[in-house]
Amino acid sequence: MPPISPTPGSTAEIAASYWWTWALCFALLLTPALVMAVFRKSRHAAVGYAITATVLGGLLAAAFISFDLGGFAPS
């Protein structure tokens, strides 16, 4: 058996499809804001949703990407 590496994660090249799936998820997350922006009465809610979804979605995506690429163990 090969020895266990003390530093988690890998330095391998990441496939473009990995990033495309995240881009697709982000687009799907913002779709309700686009639909609400069509109607005049819900445009303020659409802006609020878009800002909230972008900030929270970005933070969650950053955390999950960090876990995916770096692992769960401390470096």
**Message:** According to side-chain contact (heavy atoms from CB on, under 4.5 Å), who are the partners of S66, at least two apart in sequence or on a separate chain?
**Reply:** none
**Request:** Measure the shortest side-chain to side-chain distance between F64 and L69 over non-hydrogen atoms and say whether it is less than 4.5 angstrom.
**Result:** no
Would you list the atom pairs, donor with acceptor, under 3.5 Å between side chains in residues 49-62 and any protein atom, with sequence neighbours excluded?
{"residue": "Y49", "atom": "OH", "partner": "L29", "partner atom": "O", "Å": "2.8"}
{"residue": "T52", "atom": "OG1", "partner": "G48", "partner atom": "O", "Å": "2.8"}
{"residue": "T54", "atom": "OG1", "partner": "A50", "partner atom": "O", "Å": "2.6"}

**Complete:** Hits for side-chain hydrogen bond (donor to acceptor under 3.5 Å, both in side chains) against W22, two or more places apart or cross-chain, chain-then-number order -> Y18
**Complete:** Taking every heavy atom of A45 against every heavy atom of M36, the minimum-distance pair comes out as O-CE, 3.9 Å
**Message:** Is there a side-chain contact (heavy atoms from CB on, under 4.5 Å) between V38 and L34? Walk through the geometry before answering.
**Reply:** CA-CA 7 Å; V38 172; L34 293 174; over 6 Å; no
